[in-house]
Amino acid sequence: MLTTRPRGTSDIIPGEVETWQYLEREVRRICSEYGYAEIRTPVFEHTELFLRGVGDTTDIVEKEMYTFIDRGDRSITLRPEGTASAVRAYLEDKLYAGPQPVKLFYTGPMFRYDRPQAGRFRQFHQFGAEVFGSHDPAVDAEVMAMTMDFYGRLALKGLELHINSVGCPACRPALRSKLREFFLPHIGALCPNCRDRFEKNPLRILDCKEGPCRKLGANAPATVDCLCEDCHSHFESVKKHLDLLDLPYQVNRRLVRGLDYYTHTAFEIMARDIGAQSSIGGGGRYNGLVETCGGPSTPGIGYALGMERIILAMKSQGITTPGISGPDVFVVTAGQAAASEAFRLLFKIRGSGISADKDYLNRSLKAQMKYAGKAGAKFVVIIGEEELAQGVARVRNMDSKEQVTVTSGEVVDYLADKVKYRHNTYLQEDTIK
RNA sequence: GUGGGUAUAGCUCAGUUGGUUAGAGCACCAGAUUGUGGCUCUGGGGGUCGUGGGUUCGAGUCCCAUUACCCACCCCA
């Protein structure tokens, strides 16, 4: 146990972390372009927030929360999702008092006590965004377009945007009773889970994957057939705005998201090639949530994307991301006499903004060269007795094998010049994805 | 919470019907005449065979339990 990480968690080690850093860069870039500001909230909250926010009949709350009592006898829960916290902060930090609408994004770890499998972990990471304060269907479209834009920037292909409207408090009671009416004669044929859902939330029966429930559900009244005037026109307008952007989507009448707070628009993005857990992102409108959490009636909409699943999809599509990058310069010495000079030079190089390193294992010149090559150093600076005596250093370009002699006074400037050039090309490579 | 599969070196895996000091490739380290990397060659370090019990003269190999991981169900990112 001492050397085993907790189940469903993972270490992101050098070689992998560069992919995460790249994704996080892209997240910040797109959010700034779309006008979303970052918010950082605690990874744990009072349990009540999630009970209220996420909904106490959802699977997340019923069986997946990491909840514990702290030393002050408070019930604390590791956040299973980001929206509830964003809503809490919106209220607590009085963001409603600022210019509206309020557009926020976050990235970070979420926690759900699930059995791990492909694409599912107990600690996983989401990038999410929320918009508070606007009813405009154009915002629904913006939010969906933004997710698809993000995937597109990562060069992901073949994703499907599924959308639906799950109604609002005005039309949902009618829908519920219609569904109950429909399923009542067949209640015996439903799976045990759905018999439970029949009472609590018959909407979710539509989402069931069990054969019999699925068959029955195919002919059941769908949410889109029972929408009130308001919901209907909202949904139509959302679709119109998606069309304006030429954004392909499919209306999925069965799409009912697992969180209770959704109203009007619900959407989900599916990837076909990442195993059984094919959803790589989803979201929807939650016009009642802020009020449920004790705030003024405020419309809201948001989404969350699963970082691990994005990485899975990228891998299975053969998309490469920046890897580990070696030092710009590696300082190699020959003989003890050069050691002091090399050590000083190393720090001078670093001081000019160039990444540099040297051997600390007392290795032979050959071994130092070998290491520099494996570490991916772009240049090697060699100092031996001969160079010391002449007041020079050899600078070797590891790619071209070209080696020049530079006076010790000019070494740093010489390297700075070469490396600056490399940095520019590196930045360009970095952007192509 | 339920089901199936797997567990031998840092990694990927061999390991005959149970039989002596458990192997390979890759990786790591060091050398190949005295100061130059990627290729090649030689050598070296590294394994309580997941853990605990059992059967047996003898278990990496058979049996039981346990843990971890993987995959799937439920559900979600």
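The shown structure was predicted, so the numbers you read here are calculated from the model rather than taken from an experiment. Proteins come first, then strands; the chains are lettered A, B, ... in the order of their sequence lines, and each starts at number 1.
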Peer 1: Pairing of RNA chain B as dot-bracket, 5' to 3': ( ) intra-strand, [ ] crossing, | other strand, . unpaired, with Watson-Crick or G-U pairs under 3.5 Å?
Peer 2: (((((((..((((.....[...)))).(((((.......))))).....(((((..]....))))))))))))....
Peer 1: Answer with yes or no whether the side chains of A:Thr263 and A:Arg285 bring together a donor and an acceptor at under 3.5 Å.
Peer 2: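 No, no side-chain donor-acceptor pair sits under 3.5 Å.
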Peer 1: Distance alone, cut at 3.5 Å: any donor-acceptor contact between the side chains of A:Glu130 and A:Tyr303?
Peer 2: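 Note: A:Glu130 and A:Tyr303 side chains miss the donor-acceptor criterion.
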Peer 1: Taking only the C1' atom of each, what is the distance from B:rC41 to B:rG53 in whole angstrom?
Peer 2: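 Each nucleotide's C1' atom is 49 Å from the other's.
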Peer 1: Is it true that A:Asp225 and A:Lys178 have a side-chain N and a carboxylate O under 4.0 angstrom from each other?
Peer 2: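 Salt bridge between A:Asp225 and A:Lys178, a charged N being under 4.0 Å from a carboxylate O: no.
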Peer 1: Provide the distance between the two P atoms, one in B:rG58 and one in B:rG19, to the nearest whole Å.
Peer 2: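 Going atom to atom, P in each nucleotide, I get 15 Å.
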Peer 1: Identify all pairs in which a protein N or O lies below 3.5 Å from an N or O of nucleotides 45-49 of chain B, and state each distance.
Peer 2:
none

Peer 1: Would you say that A:Thr298 contacts A:Tyr90 through its side chain, given a criterion of any heavy-atom pair below 4.5 Å between the two side chains?
Peer 2: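 Of all side-chain heavy-atom pairs linking A:Tyr90 with A:Thr298, at least one is under 4.5 Å.
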Peer 1: Can you tell me how far P in B:rC63 sits from the matching atom in B:rC70, rounded to whole Å?
Peer 2: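 One P to the other, the span is 25 Å.
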Peer 1: Starting at atom CG of A:Leu361, determine the distance to atom P of B:rC28, rounded to an integer number of angstrom.
Peer 2: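 In whole Å, B:rC28 P lies 14 Å from A:Leu361 CG.
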Peer 1: Between B:rU48 and B:rG1, how many Å separate the two C1' atoms, rounded to a whole number?
Peer 2: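 My reading of the C1' atoms in B:rU48 and B:rG1 gives 35 Å.
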Peer 1: What nitrogen or oxygen pairs link the protein and nucleotides 69-72 of chain B at under 3.5 Å?
Peer 2:
unit_1, atom_1, unit_2, atom_2, d
B:rC69, OP2, A:Arg7, NE, 2.8
B:rC71, OP2, A:Ala118, N, 2.9
B:rA72, OP1, A:Ala276, N, 3.2
B:rA72, OP2, A:Gln117, NE2, 3.2
B:rA72, OP2, A:Ala118, N, 3.4

Peer 1: Centre-to-centre under 6.0 Å for A:Tyr113 and A:Tyr66, is that the case here?
Peer 2: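 For A:Tyr113 and A:Tyr66, the ring centres are under 6.0 Å apart.
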Peer 1: Whether A:Glu33 and A:Arg153 form a salt bridge (side-chain N of Lys/Arg under 4.0 Å from carboxylate O of Asp/Glu) is what I want to check.
Peer 2: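 Salt bridge: yes.
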Peer 1: Salt bridge between A:Glu24 and A:Arg29, side-chain N to carboxylate O under 4.0 Å?
Peer 2: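 A salt bridge is absent here (no side-chain N lies under 4.0 Å from a carboxylate O).
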Peer 1: Spell out protein contact along nucleotides 34-41 of chain B as letters: B when the base is contacted, S when just the sugar-phosphate is, - when no protein heavy atom is under 4.0 Å; keep the 5' to 3' order.
Peer 2: -BBBB---
Peer 1: Just checking, any donor-acceptor pair under 3.5 angstrom between side chains of A:Ser165 and A:Thr265?
Peer 2: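 Their side chains do not contain a donor-acceptor pair, so the 3.5 Å distance test is not met.
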Peer 1: Taking atom C1' in both B:rG15 and B:rC29, compute the distance separating them and give it to the nearest angstrom.
Peer 2: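 Going atom to atom, C1' in each nucleotide, I get 27 Å.
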Peer 1: Can the ring centres of A:Phe111 and A:Phe124 be said to be less than 6.0 Å apart?
Peer 2: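 For A:Phe111 and A:Phe124, the ring centres are not under 6.0 Å apart.
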Peer 1: Which is more 5' along RNA chain B, the nucleotide nearest A:Ala367 or the one nearest A:Leu305? Just name the residue.
Peer 2: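 Result of the comparison: A:Ala367.
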Peer 1: Considering every strand and a 4.0 Å limit on heavy-atom distances, what is the contact class for A:Arg122: base, sugar-phosphate, or nothing?
Peer 2: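 Here A:Arg122 touches no strand at all.
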Peer 1: State whether a side-chain donor-acceptor pair under 3.5 Å links A:Thr9 with A:Gln123.
Peer 2: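 The criterion, which ignores hydrogens and geometry beyond distance, is not satisfied for A:Gln123 and A:Thr9.
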Peer 1: Could you check whether any side-chain heavy atom of A:Val381 comes within less than 4.5 Å of a side-chain heavy atom of A:Phe330, counting everything from C-beta outward?
Peer 2: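 They are not in side-chain contact.
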Peer 1: Could you give the side-chain donor-acceptor pairs of residues 338-349 of chain A under 3.5 Å, partners two or more places apart or in another chain?
Peer 2:
unit_1, atom_1, unit_2, atom_2, d
A:Glu341, OE1, A:Arg344, NH2, 2.9

Peer 1: I'd like to know if A:Glu308 pairs up with A:Arg120 as an ion pair, taking the criterion as any Lys NZ or Arg NE/NH1/NH2 lying under 4.0 Å from an Asp or Glu carboxylate oxygen.
Peer 2: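 So A:Glu308 does not pair with A:Arg120 through a salt bridge.
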Peer 1: Can you find a pair of side-chain heavy atoms, one from A:Met144 and one from A:Val238, that are under 4.5 Å apart?
Peer 2: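 Yes - at least one pair of side-chain heavy atoms lies under 4.5 Å apart.
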Peer 1: If I pick the P atom on B:rC64 and the same atom on B:rA7, what distance separates them, to the nearest angstrom?
Peer 2: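 Pairwise P distance, B:rA7 against B:rC64, rounds to 15 Å.
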Peer 1: Just to be sure I understand the geometry, which residues of residues 124-131 of chain A put a non-hydrogen atom under 4.0 Å away from RNA chain B?
Peer 2: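 Within this stretch, A:Phe124, A:Gln126 sit under 4.0 Å of the strand.
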Peer 1: Roughly how far apart, to the nearest Å, are B:rU8 and B:rG23 at atom C1'?
Peer 2: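 Nearest-Å result for B:rU8 against B:rG23 at atom C1': 10 Å.
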Peer 1: Using the C1' atom as the reference point in each nucleotide, state the distance between B:rG45 and B:rC39 in Å, no decimals.
Peer 2: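 B:rG45 and B:rC39 have their C1' atoms separated by 24 Å.
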Peer 1: Is any side-chain N of the basic residue among A:Arg28 and A:Glu26 closer than 4.0 Å to the acidic one's carboxylate O?
Peer 2: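 Looking at A:Arg28 and A:Glu26, the cut-off is not met.
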Peer 1: With the threshold set at 4.0 Å, does a side-chain nitrogen-carboxylate oxygen contact exist between A:Asp399 and A:Lys378?
Peer 2: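 No, no charged N to carboxylate O under 4.0 Å.
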